2 protein chains.
Amino acid sequence: MFDKIDPRSPTPLYEQIAGRIRVAIAAGELEGGHNLSSVRQLASTLRVNPATVVQAYRELEREGFVELRHGAGTFVRGVSEQRKKSERVRGAAQLVRGLLAEAARLGVNGEDLRTALDHELGRKVP
Amino acid sequence: MFDKIDPRSPTPLYEQIAGRIRVAIAAGELEGGHNLSSVRQLASTLRVNPATVVQAYRELEREGFVELRHGAGTFVRGVSEQRKKSERVRGAAQLVRGLLAEAARLGVNGEDLRTALDHELGRKVP
DNA sequence: CCAAGTGTATCGTTGTACTAATACAGTAAG
DNA sequence: CTTACTGTATTAGTACAACGATACACTTGG
């Protein structure tokens, strides 16, 4: 899962790490109860400091994707399909609000955004 | 135009300044050729360092909204309605691509985004 | 119980964004 | 020309995020 991680990328290491795991969970590749690599183990694999892995795990914990158990390990949280969907909707709403704020800042209206989104989505799934 | 500017806001001062002017231009309140306040003048008005105003003007220049003329002043660029629209479309597309990248990072799919966008827009313009 | 594993907490170094200070260079009206 | 205005460039200080180093505390299998 972690063949390529780029230390020179503008996106922080811990974000890259969290990102991989996040999508793996969201895609169902990692099921609830799965025991993730330990902090030191993953850090060693990635040639990264353990604290950086911890930061990634903490972010995933705040988002409700994993659970850190002191002395035991880090485990993927089991979430129902129902919950998964509502979480996706909540996440989407938050993203869209950010988008609208940014758009207002640039003088771009909502209709332009809808058109652009349809255009981008249409390209991917025609 | 600059009654309230917040030094304690998380958004940088120069972004706040650029934002006001940007929307004013996009909304047509400032027409092409209009001479903006000088760097020092605006800085004095806002109780801010001139270099901060310069940074705002530079950002607007990169985006093609204004033109800085050494020794003369800073002027609003005249842009045709056609160009304005295409610029808006370009800006919207860029924003949406960023949104999609962020969404992928979080495991949110495009359909969820479209639903969320429609929802948010529907609330504002029912 | 205890040893080897796990996460936790704290601190220091580094890099970068933001803001300011100050000296420089072009323009144009008188 | 001169002067009073414009933008330009360089530098410094501050704040904060990212990353790493190291010592601590909990859990579990033997």
Side-chain angles (χ1 to χ4, degrees), chain A residues 2 4-22 25 30 33-77 98 102 105, chain B residues 2 4-22 25 30 33-77 98 102 105:
Chain A
F2 283 105
K4 39 184 174 177
I5 188 171
D6 184 5
R8 299 178 313 171
S9 165
T11 69
L13 295 179
Y14 79 92
E15 271 293 351
Q16 296 183 45
I17 299 169
R20 300 290 180 88
I21 302 174
R22 194 187 291 115
I25 295 177
L30 295 178
H34 179 84
N35 190 347
L36 291 177
S37 300
S38 82
V39 165
R40 285 166 184 76
Q41 200 172 338
L42 182 53
S44 155
T45 301
L46 298 177
R47 307 245 181 202
V48 148
N49 192 281
T52 302
V53 176
V54 168
Q55 199 170 355
Y57 280 4
R58 282 248 170 272
E59 176 160 311
L60 293 171
E61 184 188 41
R62 281 203 324 272
E63 298 167 354
F65 286 106
V66 307
E67 179 181 0
L68 287 77
R69 284 208 279 269
H70 193 169
T74 301
F75 302 86
V76 175
R77 262 196 163 172
E102 184 71 7
R105 217 178 56 82
Chain B
F2 283 104
K4 39 185 175 179
I5 189 171
D6 184 6
R8 300 177 312 172
S9 166
T11 70
L13 295 178
Y14 80 92
E15 271 292 353
Q16 295 183 44
I17 299 170
R20 302 288 181 88
I21 301 174
R22 195 187 291 116
I25 295 176
L30 294 177
H34 179 86
N35 190 347
L36 292 176
S37 300
S38 81
V39 165
R40 286 168 184 73
Q41 199 172 339
L42 183 53
S44 155
T45 301
L46 298 177
R47 306 242 180 206
V48 148
N49 192 282
T52 301
V53 174
V54 168
Q55 200 169 353
Y57 281 2
R58 281 247 171 273
E59 176 159 311
L60 293 171
E61 184 188 41
R62 282 204 322 273
E63 297 168 353
F65 286 106
V66 306
E67 180 181 359
L68 286 77
R69 284 208 280 267
H70 194 169
T74 300
F75 303 85
V76 175
R77 263 197 163 171
E102 183 71 8
R105 218 178 56 82

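Just so you know, these numbers use all the heavy atoms, side chains as well, and skip hydrogens, waters and symmetry mates. Please read all numbers here as calculations on a predicted model, not as lab measurements. Just so it is clear: chains get the letters A, B, ... in the order the sequence lines come, proteins before strands, and each one is counted from 1.
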Compare the minimum distances between each of C:dG7, D:dA21, C:dT19 and the side chain of A:Ala51, then state the nucleotide with the smallest one.
D:dA21
Could you point out which residue of A:Ile25, A:Asn35, A:Leu60 forms a side chain to side chain contact (heavy atoms under 4.5 Å, CB included) with A:Val76?
A:Ile25
Look at all strands and tell whether B:Gln41 reaches a base, only sugar-phosphate, or nothing, counting heavy atoms closer than 4.0 Å.
sugar-phosphate
Can you measure A:Arg8 atom CZ to D:dC19 atom P for me and round it to whole angstrom units?
15 Å
B:Leu60 CG to D:dG7 C1': how many Å, rounded?
15 Å
Phosphate-side-chain proximity, B:Thr52 and C:dA20, N/O vs OP1/OP2 below 4.0 Å
yes
Using a heavy-atom cut-off of under 4.0 Å over every strand shown, decide if A:Arg69 touches base, sugar-phosphate, or nothing.
sugar-phosphate
Applying the side chain to side chain contact (heavy atoms under 4.5 Å, CB included) test to A:Leu13, which of A:Asn49, A:Thr52, A:Leu46, A:Asp6 qualifies?
A:Thr52
Has A:Arg40 got a side-chain atom pairing as donor or acceptor with A:Pro50's backbone, closer than 3.5 angstrom?
no
How many Å lie between CG on A:Leu42 and P on D:dC19, as a whole number?
14 Å
If the cut-off is 4.0 Å, is A:Arg58 near the phosphate of C:dT8, judged by side-chain N/O to OP1 or OP2?
yes
How long is the line joining CG of B:Asp6 and P of C:dC18, in whole Å?
16 Å
Is there a side-chain contact between B:Ile17 and B:Leu42, using heavy atoms and a 4.5 Å cut-off?
yes
Whole Å only: how far is the CD atom of B:Glu15 from the P atom of C:dA17?
13 Å
If the cut-off is 4.0 Å, is B:Ser38 near the phosphate of D:dT6, judged by side-chain N/O to OP1 or OP2?
yes
For B:Asn49 and C:dA21, is the shortest distance between a side-chain N/O and OP1 or OP2 below 4.0 Å?
yes
Hey, does the side-chain of A:Arg40 have a donor or acceptor N/O within less than 3.5 Å of a partner on the base of C:dG5?
no
Below 4.0 angstrom from OP1 or OP2 of D:dC19, is there any side-chain N or O of A:Tyr14?
no
Does some side-chain heavy atom of B:Glu63 sit less than 4.5 Å from a side-chain heavy atom of B:Glu59?
yes
Rounded to the nearest angstrom, tell me the gap between atom CG in B:Leu68 and atom P in C:dA25.
19 Å
Taking only the side-chain nitrogens and oxygens of A:Thr74, find out if one of them lies under 4.0 Å from OP1 or OP2 of C:dG7.
yes
Quick one: B:Arg47 CZ to C:dT19 P, roughly how many Å, whole number?
18 Å
By nearest heavy atom, map B:Pro12 and A:Ser37 onto DNA chain C; which one lands nearer the 5' end?
A:Ser37
In whole Å, what is the span from the CZ atom of B:Phe75 to the C1' atom of D:dG7?
11 Å
Contact class for B:Ala72 (heavy atom, under 4.0 Å): base, sugar-phosphate, or nothing?
sugar-phosphate
